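A quick write-up on the structure given underneath.
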Amino acid sequence: MPDAIIQASKVEKFYGEHTSSTIPVIAPTDLSIEPGQILALLGPSGSGKSTLLRMLTGLTRPSAGEVLWHGKPMGDCAPNVSIVFQSFALFPWLTVFENVEAPLKARGVNAFERRKRSLKILDTVGLDGFEQAYPKELSGGMKQRVGFARALVVEPEVLFMDEPFSALDVLTAENLRSELLELWGKKAIPTRAIFIVTHNIEEAVLLADRIIVLGKNPGCIRTDFEVSLPRPRERKSAEFTECVDYIYKVLTSPGQATTPLQPTYQPLLPLARTPRAAYQMLSHARPGGIAGLLELIDDRPDGREDMYRLADELSFELDDLLPIVDAAHQLGFLKVEEGEAQITPDGHEFANAEILRQKELFRQAVLSHVTLLRQITRTLEAKKDHSAPEELFHDLLDEHFSEEESKRQLETAISWGRYAELFEYDSDRHRLYLHQTEAVSETPSL
């Protein structure tokens with residue numbers, strides 16, 4: 001697209017050499033950032049949202065593909081972008097004014113111009129009078145205003161925001177969203193496009209002109225569509241609810257093709273297929289959370305519930321609920337279709353069983369559905385002392401996942417295996433031991 005500010009063409013991110021043993025993080029992806037748009041990027045944890053943001057800003061080089069800035073390779077340019085972070089990232093030893101002028105100072109802007117631009121942007125974001133305050137004197141909302149001011153003072157052509165409201169309380173976040181939209185609508189901020197990473201679906205629909213939803217393992221675009229609702233947007237309107245519900249259905253149906261939302265929300269890009277790893281990626285959920293979710297859904301009429309309504313009832317964010325839903329689905333306790341979860345007969349039995357019976361059912365489920373836990377159990381059974389070092393299984397996972405994800409996968413597997421009484425774990429020696437040889441039923445063959 002000739003008028004795109006940033007154009008990503010077939011960008012990928014992976015670990016290792018580009019061979020069969022490569023660990024993919026972001027699948028080949030095409031994406032453009034165009035002037036006059038607020039673009040929101042959604043996706044479950046581990047889908048590569050922040051990784052994609054860093055590639056688009058030039059902070060991280062893609063492993064393959066190309067990112068263009070006004071048609072020229074990003075590496076050959078000095079892209080005029082800024083980032084607002086989730087954690088404020090202010091210098092505690094500097095005043096508000098000094099924090100805001102810091103990027104201008106780093107760019108060699110003279111003192112007079114730094115002062116003029118810093119005072120102007122502080123006034124724009126409502127921090128007039130707080131120039132000499134230190135971050136410790138400010139509330140969370142005011143700290144984030146400083147973050148906005150610091151990002152905007154360099155007059156970026158594209159403003160990137162990485163979950164900028166997630167660390168704030170509900171009312172403060174709502175107020176800042178409204179103020180951001182007001183500044184954008186009045187063209188009071190010197191930026192031509194905004195790219196926001198978020199896990200909050202309503203926030204995306206409230207703010208964005210265009211929404212991209214990522215899948216994971218590896219990260220890939222599942223749908224990319226325009227939001228044509230007029231502003232200000234009414235959360236209770238049928239059109240707003242329809243858009244929110246559509247995104248929930250995409251996110252909670254990772255294995256299904258994406259159906260366009262008609263007529264307004266026509267996806268722009270096709271669904272990308274996700275390669276399967278030798279070990280399926282476990283969702284990071286505790287057995288207690290899985291049990292609690294199953295009990296809630298089992299109490300619903302016909303043992304089914306819409307995920308959007310359930311998340312709203314529980315006051316859960318997307319990243320809180322989806323891993324639990326995915327885990328229950330992986331274990332065969334739930335079926336998930338178009339954003340609605342229905343409990344299976346196995347899930348119904350689990351939800352209504354006594355504690356010891358629940359452990360038995362959980363053990364049967366993980367041995368039937370989880371390759372890694374079958375592998376661990378069979379290895380421990382085969383060893384003369386029925387034990388093995390944790391590092392052995394970490395090395396197996398390291399062939400398929402990044403270092404950080406391998407650790408998280410093994411932590412989840414150990415949690416599930418201990419709950420199922422398949423094995424015990426010595427955290428001091430980092431060693432696994434078969435729980436009771438007689439308690440482990442014959443495992444399915446790999």
Side-chain angles (χ1 to χ4, degrees), residues 4-6 8 29 31-45 47-60 79-89 125 140-141 143-152 154 156-168 170 172-185 187-214 219 221-229 231-233 235 240 243-244 247 250-251 265 268 317-319:
I5 301 172
I6 296 176
T29 297
L31 188 153
S32 65
I33 299 176
E34 300 164 32
Q37 279 192 344
I38 299 178
L39 191 159
L41 182 68
L42 283 159
S45 293
S47 58
K49 300 187 294 294
S50 295
T51 299
L52 188 55
L53 178 147
R54 292 176 66 84
M55 289 195 292
L56 294 173
T57 59
L59 288 177
T60 298
N80 185 18
V81 301
S82 287
I83 305 177
V84 177
F85 298 98
Q86 173 185 351
S87 59
F88 314 137
V125 302
K143 289 177 183 177
Q144 194 58 297
R145 286 174 195 266
V146 179
F148 283 144
R150 184 178 57 187
L152 292 170
V154 298
E157 195 167 352
V158 182
L159 175 64
F160 287 87
M161 298 192 287
D162 194 356
E163 300 194 16
F165 308 110
S166 60
L168 305 174
V170 174
T172 301
E174 187 66 18
N175 184 48
L176 283 180
R177 289 188 201 104
S178 298
E179 291 185 3
L180 176 65
L181 284 175
E182 182 180 352
L183 294 173
W184 172 258
K187 301 188 184 301
I189 52 178
T191 186
R192 299 179 65 206
I194 295 176
F195 184 100
I196 179 170
V197 169
T198 179
H199 61 263
N200 186 318
I201 293 177
E202 288 197 2
E203 178 176 274
V205 179
L206 188 71
L207 295 176
D209 301 297
R210 176 178 160 209
I211 295 175
I212 294 175
V213 181
L214 294 183
I221 294 178
R222 299 206 65 228
T223 188
D224 178 345
F225 63 96
E226 305 281 346
V227 181
S228 58
L229 300 177
R231 294 190 176 99
R233 293 172 182 168
R235 292 175 186 267
F240 191 98
C243 188
V244 169
I247 296 170
V250 173
L251 287 166
Y265 309 112
L268 303 176
E317 293 288 359
L318 177 68
D319 281 0

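What you see is a predicted model; the values in this text were computed from it and never measured. Computed over heavy atoms, backbone and side chain alike; hydrogens, waters and symmetry mates excluded.
- In this structure the side chain of Ile201 never reaches within 4.5 angstrom of the side chain of Ile211, judged on heavy atoms.
- Leu41 meets the side chain to side chain contact (heavy atoms under 4.5 Å, CB included) test with Lys49, Leu52, Phe195, Val197, Ile212, Leu214; sequence neighbours excluded.
- Here the closest non-hydrogen pair linking Ala151 and Ser82 is O-OG, 2.7 Å.
- With sequence neighbours excluded, the residues that form a side-chain hydrogen bond (donor to acceptor under 3.5 Å, both in side chains) with Thr198 are Glu203.
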Salt bridge (charged side-chain N to carboxylate O under 4.0 Å, His left out) between Arg177 and Glu202, worked out | CA-CA 11 Å; Arg177 289 188 201 104; Glu202 288 197 2; over 6 Å; no
Val250/Phe225 under side chain to side chain contact (heavy atoms under 4.5 Å, CB included): CA gap, chis, key distance, verdict = CA-CA 12 Å; Val250 173; Phe225 63 96; over 6 Å; no
Evaluate the side chain to side chain contact (heavy atoms under 4.5 Å, CB included) criterion for residues His199 and Leu251: first the C-alpha distance (whole Å), next the side-chain angles of each, then the deciding distance (0.1 Å), finally the verdict.
-> CA-CA 11 Å; His199 61 263; Leu251 287 166; over 6 Å; no
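- Legend: residues meeting salt bridge (Lys or Arg N to Asp or Glu O under 4.0 Å) with Asp209, ordered by chain and number and at least two apart, are Arg231.
- Proximity of Ile83 to Leu53: side-chain heavy atoms (C-beta onward) are separated by under 4.5 Å at one or more points.
- With Arg233 contributing its side chain and Val205 its backbone, the two residues share a donor-acceptor pair below 3.5 Å.
- For Leu183, the side chain to side chain contact (heavy atoms under 4.5 Å, CB included) partners at least two apart in sequence or on another chain are Thr124, Ala188, Ile189.
- Ile6 contributes atom CD1, which lies 4.0 Å from atom CZ of Phe160 (distance to the nearest 0.5 angstrom).
- Taking the side chain as every heavy atom from C-beta outward, Leu207 and Phe165 approach each other to under 4.5 Å.
- Atom-to-atom distance recorded for Asp224:CG and Thr29:OG1 is 11.0 Å, nearest 0.5 angstrom.
- Taking the side-chain hydrogen bond (donor to acceptor under 3.5 Å, both in side chains) definition, one finds that Ser178 meets it with nothing, sequence neighbours left out.
- For the atom pair OG of Ser32 and CG of Leu56, the computed distance is 10.0 Å after rounding to the nearest 0.5 Å.
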Going through the distances and angles, do Thr60 and Thr51 end up as a side chain to side chain contact (heavy atoms under 4.5 Å, CB included)?
-> CA-CA 8 Å; Thr60 298; Thr51 299; 5.6 Å; no
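- Closest approach of Ala149 and Val125 over heavy atoms only: CB-CG2, 3.9 Å.
- Between the side chain of Thr223 and the main chain of Val213, no donor-acceptor pair closer than 3.5 Å is present.
- Met161 and Phe148 make their closest contact through SD-CE2, 3.4 Å (heavy atoms, listed as atom of the first residue, atom of the second, distance).
- A search for salt bridge (Lys or Arg N to Asp or Glu O under 4.0 Å) contacts involving Arg145 returns Glu179, not counting sequence neighbours.
- The stretch residues 50-60 participates, sequence neighbours left out, in no salt bridge (charged side-chain N to carboxylate O under 4.0 Å, His left out) pair at all.
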Assess whether side chain to side chain contact (heavy atoms under 4.5 Å, CB included) is satisfied between Asn200 and Leu206, documenting all intermediate values.
-> CA-CA 10 Å; Asn200 186 318; Leu206 188 71; over 6 Å; no
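- Shortest non-hydrogen contact noted between Ala204 and Leu42 is CB-CD1, 3.7 Å.
- Of all the heavy atoms in Gly141 and Leu176, the pair that sits closest is O-CD1, 3.9 Å.
- Taking the side-chain hydrogen bond (donor to acceptor under 3.5 Å, both in side chains) definition, one finds that Arg192 meets it with Glu157, sequence neighbours left out.
- Here the CG atom belonging to Leu180 is positioned 4.5 Å from the CD1 atom belonging to Ile194, to the nearest 0.5 angstrom.
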